Structure formats: structure tokens, C-alpha cells
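Since this is a predicted model, take the numbers as computed values, not measurements. Numbered from 1 within each chain, the chains take letters A, B, ... in sequence-line order.
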Amino acid sequence: MTSTSPSTALPENPTLDGVEAKMVSRWAKERTYAFDRSAERANVFAIDTPPPTASGSLHVGHVFSYTHTDTIARFWRMRGKSVFYPIGWDDNGLPTERRVQNYYGVRCDPSVAYDPSFEPPEKPGKQEIPISRRNFIDLCHELTLIDERTFEDLFRTLGMSFDWDYQYRTIDDDSRATSQKAFLRNVSRGEAYNQQAPTLWDITFRTAVAQAELEERERPGAYHRIAFARPNGDPVVIDTTRPELLAACVALVAHPSDERYQRLFGSTVTTPLFGVEVPVLAHELADPQKGSGIAMICTWGDTTDVTWWRELNLPTRAIIGREGRVVAEPPEVITSAEGRERYSQLAGKTVFAAKELVVQMLRECGALESEPRPINHPVKFYERGERPLEIVSTRQWYVRNGGRDSEIRDRMLARGEELEWIPAHMRHRYANWVQGLAGDWLISRQRYFGIALPLWYRLDADGEPQYDTPIIPAEASLPIDPASDVPPGFEQSQRDQPGGFAGDPDVMDTWATSSLTPYIASRWERDPDLFDRVFPMDLRPQGHDIIRTWLFSTVVRADLESGTLPWKTAGVSGWILDPDRKKMSKSKGNTVTPIGLLSEYGSDAVRHWAASGRPGTDIAFDPQQMKIGRRLATKLLNASKFALGTGASADDATNPVTEPLDRAMLSALADVVEAATRAFEQFNYTVALERTETFFWSFCDNYVELVKARAYGEGTGAESARSALSQALSVILRLFAPIIPFVTEEVWSWWQDGSVHLQNWPQSDELRQSTVDPRALPVAIEAIAAIRKAKSEAKVKGSAEVAGVVATLPADRADVLRLVQDDVAAAGRASTFTINEADIEPQYVIELV
RNA sequence: GGGCGAUUAGCGCAGUGGUAGCGCACUUCGUUCACACCGAAGGGGUCACUGGUUCGAACCCAGUAUCGCCCACCA
């Protein structure tokens, strides 16, 4: 049989130039990656793709982890699954607000009236322009759309096989309706509640912050030794880093077993400066080793204060307001004229200024036992904030997540056990977090660009909101904006009037919405047919830094709403570290933008580099590594052209493979197929790549060299060679396709129909040869390597003629060598080839011309 | 303080009981004959340390050290 396939059209000079653009447009036009929604659930592979933060920028870390998921998606697609691979954009929340603020030079001021004709300046001015909430939100929508277009271009260039018809935005109406509906279901089942309570508060952004958004930073501070007075005038000295909270002091506390303070428990002392009588109490959390062993409890200097305040039933004397300044009114308990006068000097001051003044006052009245001793200590910050958090009493909405309820906590821990984790040890991070929860999930935020809490409150005759009985909208009316929509049974004129209603002014935490991505992407209750085919999903890919936020909150929501895990497997990816092994992040300024990498090395090269990072492991960024994939892609072009240039075509794959070398090569390839398949099934794209790549280079360097002379000839030997080349190339392209989709598609297009990405994943049994000595290939390689070595040592070129080769090796290996003798002689350009048998290590004597 | 991970060639990394590997970098040689974004042949490692298990340990066990990450109540 000769090569007659009309589809074979080899390029003169194969090149990678322009291949990305060509394939991106072809895949879009042909809808290569469209989800087949007629598939039953069992035949679907559904992925809960992380929606990138639209206001950020994509960096090389995104390229890394998104590539990992894409290889898995492509593998399952070729295995015949209908792959549900949507993409969303996380565009609600504070990051967007900050970006809009900087990009346009504006500031949201809810007191400003809406200006329909407002246009932002060309360039941001020095002074931020105050604009209405509605204008601000319009700009958020505008800018995120621009950003998302840029992201889409990058993802397409990278070769992500998303189905772009299943896009969502976390701020679009569908996401808003889903988020509000899920929240209202939580409310109706008693899983969400509102409460006035001490709240971690960011004074810059003026919003409450959840436990999951905290981070600790080392900050300089100082111990201040302050003397309280016993009724008899004896001093009791405490150490504090927060002397400015003295007016908020409600008690002193020491460890119950601390002998130094035993006699004080139950007695009272008087605060300096303000003359307030406070009790001395005992509590296990007081650490005898810290400071003087006795601490001042204030409302509230830190989370320990909150614990003490709650467990010891102490009164509230909060003095720090939402702006981070001392409030105007002193606590009622300060009654002395002197105390009230001192307080009035503090009122309105920032925490920092108040601290200085209190220290000065203490010094003047002799209550400062010694000068402040500087220390460095951990201080809690909002992860995006720049000033330490304060604790302020506010009313907020919470969702029960096990933080205050051991039954729910145990259930969430069980979910963590039920989930398959890749890599397995990430399971501990989840358990660690859930076990350490300090309270329920605070989901309300005092911000603008977010999804509104879909509630109103009745106002009583005094205009006070009735928080216990919120007015809940009908699900069909969602999404709603309580700031402009009017609840059923009320008139707009009753807004904010006594006896009328008020809209909840807050928005939901961004995680309250992104915890619903499995519901948003699968169009929960908007498209029940789709939902049933894809939920619960198969895979959640994500970074390990957001196990405590995105992963955990998604598990919570699915447990509460559906009583199930949201997905079967969590694939946790590692970080990209810079060459100094520090995590790359924008704030450190050590990020690498992917666009330059993609254009310099090509998408396949960058993907190859990404796929060489094992699941879950951090990897140091080194642009040198991009060259490996580039070289592979180039090799694939040239080797394919050469193999097909022998005349091998798609039709030849059905020719009988008769030659031992060919049969041994195909059997070795069958082993590779099995290993790669097993690896991919375990999400290990790295091992799949490594096995395929090793085989491919040996295939090029050895098998193709050994067989080329025969393949160019005629007869059964030539037909066998061309069949083996055709089969092997087809399989190799398919094995590589998930990792390097561009070059494989390019080569496939030269000689095959359709997209390589829609072909069946290769099966080992199609390649496995029933009668073959598998040693034929390694023995042939050993022989040709010996000839090459002799030529290299003699410093002659590889194409030099060889007068004769004498091989001496054990009888059974000699038999194998005889099977491939002609191929070796041809490839080595040896005119005579003699095989002797002896029970020694194989030995080759090469006589050069 | 609790938890998790890492430590293998100059650099980046594979290798989980059977003769230490890959890529980059390095050395030498080789381009009309698929590929210079190339090929061939080389050099280079007490597998962090100390014990133990085993016929045999980079691998299993115990401990130590160093680095990194996560968590924990900031006096």
C-alpha cells in the first residue's frame, strides 16, 4: 500500500510562528471545546474553575495553575467525557472598588446625588472626585468589563479549553439572584442570623472583617506599666500595650492559680486617670508569664478581651468608633469631673494620638510605673488593610459554619474527610482551620460594590429598625437592591420614616458569593436540567492559600443547601516562587507578566513548564526552563515532518507491522500509554508528560534513525516501518495534546482530519504486539549508541562510513540483535556487521574507514 | 505552642526497598543529507545529619538540624 491520503500536506518549513493565533481562531470557530449538555451526569466531567479577580492582573502563577487544570480537562475530554469547563470573573468586592478609585481618581460618597451625565476624567487627578454610589458602581461595571476582555484574550492565547458560552460574572444579575436566594434560604432555615456584637473592624475601609480575612503582622509596640489602686491605696501594676483603652477598662484578670493575685480575686481596684472601680477576676486564659501576670480587660483591645468580656459577663464600655477615633461620649461609669475632663481631651483623637496623651497624663499623675518598654508583637490586620484592626460593636449578619456549634463543626470536619485531596496532605490545612474557628462566618460588609443583603427592616414609631423580623423579598423578585427597591406593602415615601421601612445598607462578603460558584456556574434552579447533569462537580482546582476561605465556604454552602459536598476532588496547586524562593506577589513587585513569556517562548513552551510542576508543589520561577518546552515543540514539528516525509500516512496505520524493531517500539509505546493514562487519572499530568517526553526523544534519536532507511524503501519492511511510524506519531500527538495543544493540533492538521483534541485517548491494546521480543528496541539502541560513541571518540561526523562492526554478546542477546541487525547497520552506515556469541558483557568493535 | 511540607549534581527538579536520574549550565566533537530554537559523546552527587529495621535504604522507622507554609488568646 502506498501513501495516498489526500489530507497529507507537509509544510516546507514547519514553524511555530503564528500557530497560537491560528488555532485560537479555529477552536473558537469550530467550538471545539463546547460542552455537550445532552450527556448524562455519569458521562460528564465538571470543573469548578476559579473565577480570577477581574480587578487584578494575571500573573505567571495563574498560568501555572490554570494550565494544570486545563491538561486534566483535555485528558477527560479525549477519554470521551463531556467536560463542563466554565469560566467566571470575580468582579464584585473591595479589590474592584480600590482599582476603580485609583484608575479613575474617584471616590464613592453615598451622600452625593446621582449624576447621569458623569464622565470620569481622562487621567485621574490629584484630588479624588466624590461621586454617588450609583455612578461609582457604574464605573465598577465598566472597568471590570474591560479587564475581563484582557483576561479572556490571555486565557485563549494560553490555550485554555473553557467553554466560553458558560461565562459568568459574580456581579451579574444571575449571580446576584443566586447569591441573594441562597442567603435567604439560609435565613429561612435559621442558618443565617444578625446580631449586635464586637466585630473586627478595619478603620480605613470602615467595614467589618471576617476571621478568614485576618493576617498577623509583626509591629513595634510597647509595654506600659500602669498602677491601679486598691481601696487601701496599694498599687496593682499591670502591663498593657494599649494604654489608650484605659477608659474602656472593665476589669483586671489573672490566672486562677497565680499566687501573687489570689488575695485580690473578688476585690476591686480603681483605674488611674478616670477613677472607675473595676473588679479583679480570675480566668484560665490569663498567662502568668506575660507582663506582670495580671491584665487589664478593655472593651475591646483584642480578641482575648472579647472572650473575657463574654465569659465573665462584663459590661460594655466601648470608646473606639468606626473611624478609629475615640468617641465623643465617655462611658457613663466615668462620673468624676476630673475623669470626664480628661476624657474630653481624648475625644475625637486617633488611637495613636490618644495613646500619647494617655501616657503623658499617666506620667503626670504618677501612675506610670516606668517608661514604656518597646517590643515587637503580632498585630491583627485585615489582609488588604494597612492599619491594625480595631474591635467595634456593630450589628452584622452571620452564617453558621461550625464556629459556635460543635455539631456543625463535626459535620464540616467530616466533609473534609469525605473530599479527595490532591495532594493528600492538604487535608490537614482544612481540618486545622475548621478546628480553630472562633465564631460564625461574618458575611455582611459595609461597602458599596457588592451584592446587597436582600432585606429591609420595619421602623418603629421612634424610627428604630426591627432587626429580629426583617422583611424578606419573594425569591421571584430577586435580585433586589433594598436601597432603591421598595418592600411589598410599603410606599417609597415611607423609606427611612418612623413606622416605615429601611433597606439594609450592607453588601455581602465577596466569599458569600464566590462560595456559590458551583451553583452559579451550573445555573441552579434557573436551568434544572443543566444543574442535574453537572452538580455536584468533579473537580475544584485552587490555591492552598484560600482553603480557609473559598474552599471551606463552598463546602459550607453546599452542605447547608444541598446536604452534599460541592465536588468530589479538590486539586490544590502550589505557588510560583521567585528565584529567591519568595512567593510572587504584586505587593513585592516580583511578579512576571505572562504576555511576554507567551510571546517569547510560545504558549506550548509555557504550558510545558507549568506541567512540569507536580500537583501541589511550589516551584521556583526560572525562564530558562521555558526553553525545554520550546525545544520539544520544535522537535515535534520537525520529527513529524520527517516521519511523514518517508511517505507514511494516516492510511498506512492499517498496514501489517512485521519487523521486530517496529513491533518492539509499538509495545514500548503501549507501556507509555498505560503509564500516562494512569497518571492522568490520578491528576498527575507531570508524570504523564515525563513518560511521554522520554519516549518521544528516544523515538526521534533512536527509532526514527534506525528505521528511516528502510521506511524510504519498498516492500513489506518499508510498509511495516511506515505503519509503525504512522501509528506511533498518531499516539504521541494524542498523548502530548493535553499539555501542548497548539503544536499537536498543527501537526495533526497536516495529515489527519478533525481536531486532535476531539480524538479518542490512545489505548494500549491497539499498540501491544502479541509476538515480539521487547528487547529488540533496547538492544538496537545499545548497538547504534556504540557505533556513535566510536565515531564521536574518533572525532568523525555521524554520517561517516564504517568499514565493519563486530558485536560480541551472550547468545540470547545475540539472537535479538540479529533481528534488528540490518536496521542498525543501515543507521550506522556499516558495510559489514558481524555477531559473535560469548558469555560476556556486550562488546562492540567498530572499524572506521 | 500546635500542624503540614521540603532537604538528591553549580541551578531547577524526578526517583517511595534492588547498580543514583532528567533538564539547564559546563567540556569535546559534529552542520548540503528532518531539526543550530540542532545533533553526538562526556565530566560532575558521602541522596542534610545520627541511629535503627533489612540480605540490601535516597526510599521504611525513630530522633536531630535547617528552610518554608498553615494555625493559635495582640496583656
From CD of A:Gln625 over to C1' of B:G23, roughly how many Å is that when rounded to an integer?
6 Å
Side chain to side chain donor-acceptor pair (under 3.5 Å) pairs, two or more places apart, involving residues 789-798 of chain A:
none
Answer with base, sugar-phosphate or nothing: what part of the nucleic acid does A:Ser799 contact at a heavy-atom distance below 4.0 Å?
base
Return the value, rounded to whole Å, for the distance between atom NE2 of A:His283 and atom C1' of B:C73.
10 Å
Counting Watson-Crick and G-U wobble pairs whose two distances are both under 3.5 Å, find the runs of 3 or more in a row that involve RNA chain B.
B:1-7 with B:65-71, B:10-13 with B:21-24, B:26-30 with B:38-42, B:48-52 with B:60-64
Reading nucleotides 34-41 of chain B from the 5' end, what letters show protein touch, with B for base, S for backbone sugar-phosphate only, - for no heavy atom under 4.0 Å?
BB-BSSBS
Check every strand shown and say whether A:Arg242 touches a base, only sugar-phosphate, or nothing at a heavy-atom separation below 4.0 Å.
nothing
Among the nucleotides B:U28, B:G30, B:C74, which one has an atom lying closest to any side-chain atom of A:Lys797?
B:G30
With P as the reference atom in both, quote the distance from B:U46 to B:G10 in angstrom, rounded to an integer.
8 Å
Which of these nucleotides, B:A14, B:C74, B:C73, is closest to any side-chain atom of A:Leu285?
B:C73
Rounded to whole angstrom units, what separation is found between the CG atom of A:Asp622 and the C1' atom of B:A25?
10 Å
How far does the C1' atom of B:U53 sit from the matching atom of B:C11, given to the nearest Å?
36 Å
Contacts of A:Trp609 meeting side chain to side chain donor-acceptor pair (under 3.5 Å) (sequence neighbours excluded), chain-then-number -> none
With respect to the phosphate group of B:C70, does any side-chain polar atom (N or O) of A:Arg548 fall under 4.0 Å of OP1 or OP2?
no
Rounding to the closest angstrom, what is the interatomic distance between B:A20 and B:C29 at atom C1'?
27 Å
Quick one: A:Lys795 NZ to B:C29 C1', roughly how many Å, whole number?
6 Å
Contact class for A:Ala286 (heavy atom, under 4.0 Å): base, sugar-phosphate, or nothing?
base
May I ask you to say whether A:Glu215 pairs ionically with A:Lys380, meaning some side-chain N is under 4.0 Å from a carboxylate O?
no
Is A:Glu690 touching bases, backbone alone, or none of the nucleic acid, heavy atoms closer than 4.0 Å?
nothing
Decide yes or no for A:Asn684 and A:Pro615: does some side-chain heavy atom of the first lie under 4.5 Å from some side-chain heavy atom of the second?
yes
Could you give the CD1-to-P distance, from A:Ile576 to B:C69, as a whole number of Å?
16 Å
Distance check, P atoms only: B:A62 and B:C26, in whole angstrom units.
44 Å
Taking only residues two or more places apart in sequence, or in another chain, which ones meet A:Gln625 in a side chain to side chain donor-acceptor pair (under 3.5 Å)?
A:Asp622
Residue A:His544, side-chain atoms from C-beta onward, closest of B:U32, B:C13, B:C69
B:C69
Distance test, side-chain N/O of A:Gln211 to OP1/OP2 of B:A72, below 4.0 Å
yes
Between A:Met296 and A:Val687, which has a closest nucleotide on RNA chain B that is more 5'?
A:Val687
Touch class at under 4.0 angstrom, heavy-atom based, for A:Tyr601 against every strand present
nothing
Please report the distance, rounded to the nearest Å, between CZ in A:Phe64 and C1' in B:G12.
12 Å
Distance, rounded to the nearest Å, where A:Glu383 contributes CD and B:C70 contributes C1'
14 Å
Between B:C49 and B:C35, how far is it from one C1' atom to the other, in whole Å?
47 Å
Taking C-beta and beyond as the side chain, do A:Leu729 and A:Trp751 meet within less than 4.5 Å on heavy atoms?
yes
Can you check nucleotides 2-9 of chain B for protein contacts, nitrogen or oxygen pairs under 3.5 Å, and list what you find?
| residue | atom | partner | partner atom | Å |
| --- | --- | --- | --- | --- |
| B:G2 | N2 | A:Asn432 | ND2 | 3.1 |

Rounding to the closest angstrom, what is the interatomic distance between B:G43 and B:U31 at atom P?
23 Å
Interatomic distance, A:Gln624 CD vs B:G10 P [rounded to whole Å]
18 Å
Would you say the side-chain atoms of A:Glu369 and A:His224 include a donor-acceptor pair closer than 3.5 Å?
no
Got a sec, which residues hit salt bridge (charged side-chain N to carboxylate O under 4.0 Å, His left out) with A:Glu600, two or more places apart in sequence or on another chain?
none
B:G12 to B:G52 separation - P atoms, rounded to the nearest Å
33 Å
Results of side chain to side chain donor-acceptor pair (under 3.5 Å) for A:Tyr261 - residues two or more places apart only
none
Are A:Arg387 and A:Asp202 close enough for a salt bridge, meaning some N to O gap below 4.0 Å?
no
Go through the structure and list residues passing side chain to side chain donor-acceptor pair (under 3.5 Å) with A:Ser698, not counting sequence neighbours.
A:Asn702
ring-ring contact (aromatic ring centres under 6.0 Å, His included) with A:Phe736: which residues, sequence neighbours excluded?
A:Phe696
Between B:G18 and B:A72, how many Å separate the two C1' atoms, rounded to a whole number?
46 Å
Among the nucleotides B:C73, B:G23, B:C74, whichever has the atom closest to the side chain of A:Thr304 is B:C73
Under 4.0 angstrom, heavy atoms only, what part of the nucleic acid is A:Ile375 near: base, sugar-phosphate, or nothing?
sugar-phosphate
Contacts of type ring-ring contact (aromatic ring centres under 6.0 Å, His included), residue A:Trp748, not counting sequence neighbours:
none
Who pairs with A:Arg631 by salt bridge (charged side-chain N to carboxylate O under 4.0 Å, His left out), at least two apart in sequence or on another chain?
none
